[in-house]
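Structure, as structure tokens:
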Amino acid sequence: MSSLGSDAPGPVTLEAGDIARDADALERTWRDQPGFWGWLCTVDHKSIGRRYVVTAFAMFLAGGIEAALMRTQLARPENAFLGADRYNQIFTTHGTTMMFLFAVPMMTAMGLYFVPLMVGARSVAFPRLNAFGYWTYCVGIGLLYVALLTNHAPDTGWFAYVPLSETLYAPGHRVDVWAQLVTFTEIAALCAAVNIIVTVFKMRAPGMSVDRIPLFVWAQLVVAFMIVFAMPAVAAGSTLMLAADRAIHMQWFIPARGGDALLWQHIFWFFGHPEVYIIFLPALGMVTPIVETFCRRPVVGYGAIVMANIATAFFAFGLWVHHMFATPLPELGESLFTAASLVIAIPTAVQIFCWIATMWTGRPRLTVPMLFVLGFLFTFINGGITGVMLASVPFDRQAHDTFFVVAHLHYVLIGGAVMPLFAGLYFWFPKFTGRLLGDGLGKWHFWLFLIGTNVTFFPMHILGLDGMPRRIYTYLASTGWGPLNLLASIGAATLAVSVVLFLINVVRSWVAGANAGADPWGAPGLEWAVASPPPPYNFVHAPVVSSAHPLWETSGALPVVTGLRTDRREILITTTFDARPDARHSSPHGSFWPFYLALCMGVVFIGSIFRPYWVLIGTALSCIGLFGWGWESSRPIERERVAMPNGPVVERT
Amino acid sequence: MTSLRAQATVADLPSVTFGQRSLMWWGTLGFMVIEGWTIALLLVSYLCGARSASWSSRDGPSRCCS
């Protein structure tokens with residue numbers, strides 16, 4: 001066997017006994033400590049990713065229950081099921097939950113679980129940062145739901161427009177809860193983004209040059225960059241400006257004191273519109289491997305899809321003002337943002353045509369994931385078309401803040417994100433659990449979900465065009481909106497039934513589903529080269545990649561590189577563009593400090609709602625955590641001085 | 001178990017690297033970009049937005065976009 005860079009001798013097929021011995025050693029090195037302490041301190045990206053997925057799905061259910069409450073209230077005119085105040089809290093919590101606590105975390109969770117597996121790595125770049133992000137996200141959930149249960153939930157909508165959300169119109173702490181909840185989500189998303197970027201840049205399998213990166217990973221990479229540039233806007237807006245206006249009487253958004261209320265809309269939507277694509281691009285990334293696998297051919301237009309992802313991310317930052325067409329803007333600005341809003345349809349259409357071409361020239365099998373992909377195409381294209389309508393200023397002025405917009409955004413987000421997500425869950429459930437989801441219940445789930453989505457949201461277009469404003473807790477019978485609202489509520493009940501069927505399917509399959517094996521679908525990605533569920537170390541040896549579809553284009557044994565140590569957690573670092581092996585780094589063991597530091601973040605930000613001195617207390621407590629974290633980090637480096645160029649030769653430990 | 005074919009060994013690669021060959025360098029760069037961008041947004045907000053006294057439609061376009 002050759003050392004890298006030398007020519008001879010040639011490849012060697014590894015003995016099964018040697019592989020098993022290495023796997024045993026790696027299992028001992030990489031597994032978590034047993035018991036509750038091990039569970040709390042784990043930094044395994046799969047444990048964190050699985051937890052993230054389950055927690056984010058629980059948030060989807062919570063948001064769904066809130067939606068069901070709203071649809072019950074609106075099912076008939078002058079209904080007294082929910083009062084105005086409770087309704088305001090519930091629609092705000094619904095929007096906040098779905099955007100901040102379900103959609104973004106779910107998409108990053110799928111990335112944190114699958115990106116290392118797809119690029120052939122043993123872990124993420126920063127495992128403890130990953131755990132910290134997850135626990136921070138959990139603190140945010142706790143804040144919002146304790147507030148909801150104690151009648152202190154935010155009630156000014158998920159985008160908390162000023163001046164409504166300033167202390168003059170929103171006294172108490174409800175808006176503060178919203179502003180600080182957003183902080184926790186930002187921190188979690190930013191941690192995930194940096195992790196994904198560095199993992200993709202520096203930890204790809206040897207040979208996985210940029211033109212061989214799986215398209216799901218490309219989507220995750222592009223979205224991670226979007227998070228890096230979008231989330232700071234809402235961090236600045238909510239944590240530093242809105243919260244400061246409310247807590248220490250600054251005047252960012254208070255016109256009477258020289259502030260600018262529209263500034264909030266600019267800064268929020270500079271984050272908020274890219275947020276839609278942050279949710280939606282990873283979902284598109286899930287569609288590609290599903291279409292490839294079930295059409296039995298590589299996707300048409302790999303390069304075009306990569307460029308479409310990048311173009312979408314670029315344009316996504318240039319059209320936030322289309323949320324503000326009902327505000328006084330210069331006409332030139334309106335025209336520019338109309339044009340940008342129309343242009344962004346082009347890269348999305350490129351992706352859609354690539355999938356259609358793949359299906360056209362392949363041999364599609366209508367499995368449940370594939371059905372959800374078809375449902376996504378149908379529903380999302382409808383939502384996209386109403387998006388193009390709303391890009392027109394005169395139309396937008398008519399439809400602004402009506403149910404038409406509610407219909408549009410739900411078609412886009414359910415069609416464009418939730419349906420591909422369900423496709424992805426059916427596709428990758430075997431990898432998570434080792435078992436296949438039931439096909440029969442899956443088809444029931446799909447059809448009820450598709451019908452429920454359309455029955456719920458299509459009537460809202462008509463209601464909106466008829467002038468029904470969003471965010472009203474009731475309406476008069478004389479408006480004539482009752483029958484369509486009742487229809488929408490029946491659709492919502494259908495959606496609820498479909499999600500219950502999915503849950504039954506998950507529980508039943510998890511307990512007694514058919515065994516999946518490593519690669520039940522005959523899929524091409526590296527994640528299918530490992531057992532289901534994957535072992536703690538992912539790969540016994542780092543795979544070597546020579547195409548974008550390694551399992552389809554490798555005949556016989558999987559090529560690997562050996563030489564990573566099995567007696568300590570070691571990961572392979574490769575070069576950024578062409579993925580040549582460059583170094584071996586250590587990877588940390590489980591740690592209590594991420595959990596501790598997340599709690600300290602809670603003390604800082606939740607405490608700041610009530611008294612400023614909590615910021616100081618939380619910061620002081622954080623210092624202990626940072627010290628502990630750094631102390632842990634310093635130990636492996638000390639041991640590894642052995643390999644430093646020109647460094648002293650020290651016995652390895 | 002999948003059969004594996006060893007093509008090379010990485011045992012002789014260094015286990016400590018610096019600069020852009022190190023994960024920590026990239027992570028630090030990421031957080032520098034995030035924090036720098038946050039400050040840039042605050043500055044832009046202060047300089048072009050938050051000093052406007054007019055915002056309602058009666059008063060003409062907001063200074064944020066004019």
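Chain identifiers are assigned alphabetically (A, B, ...) following the order of the sequence lines, protein sequences preceding nucleic acid strands; residue numbering begins at 1 within each chain.
- In summary, the side chains of His585(A) and Thr17(B) do present a donor paired with an acceptor at a separation below 3.5 Å, with no hydrogens or angles considered.
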Any chance you could lay out the side-chain contact (heavy atoms from CB on, under 4.5 Å) test for Phe539(A) and Val530(A), step after step, and finish with the verdict? CA-CA 7 Å; Phe539(A) 297 89; Val530(A) 298; 3.4 Å; yes
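- Side chain of Asp245(A) to backbone of Trp252(A): a donor-acceptor contact under 3.5 angstrom is found.
- For Thr576(A), the part lying under 4.5 angstrom from a heavy atom of chain B is the side chain only.
- Annotation: Phe337(A) is in aromatic contact with Trp320(A) [ring centroid separation under 6.0 Å].
- Proximity to chain B (any heavy atom under 4.5 Å) is shown, for Leu332(A), by neither the backbone nor the side chain.
- Contacts of Leu572(A) with chain B are made by side-chain atoms alone, with heavy-atom separations under 4.5 Å and no backbone atom involved.
- Interface residue Phe229(A): backbone and side-chain heavy atoms are both found under 4.5 Å from chain B.
- Of the two parts of Val228(A), the backbone and the side chain both hold a non-hydrogen atom closer than 4.5 Å to a non-hydrogen atom of chain B.
- When heavy atoms are compared at a cutoff of 4.5 Å, Ala529(A) approaches chain B solely by way of its backbone atoms N, CA, C and O.
- Pairing each heavy atom of Leu329(A) with each of Met324(A), the nearest pair is CD1-O, 3.4 Å.
- Within the 4.5 angstrom heavy-atom criterion, no atom of Met231(A) approaches chain B.
- Here the side chain of Trp26(B) pairs a donor or acceptor atom with the backbone of Gln20(B) at under 3.5 angstrom.
- Both the backbone and the side chain of Leu564(A) come within contact range of chain B, with heavy atoms under 4.5 Å apart.
- With a 4.5 Å cut-off on non-hydrogen atoms, Val560(A) touches chain B through its backbone and its side chain both.
- Of the listed residues (Leu190(A), Asp582(A), Leu240(A), Ile573(A)), the one with the most heavy-atom contacts under 4.5 Å to chain B is Asp582(A).
- Distance alone, capped at 3.5 Å, is enough to place a donor-acceptor pair between the Arg569(A) side chain and the Pro588(A) backbone.
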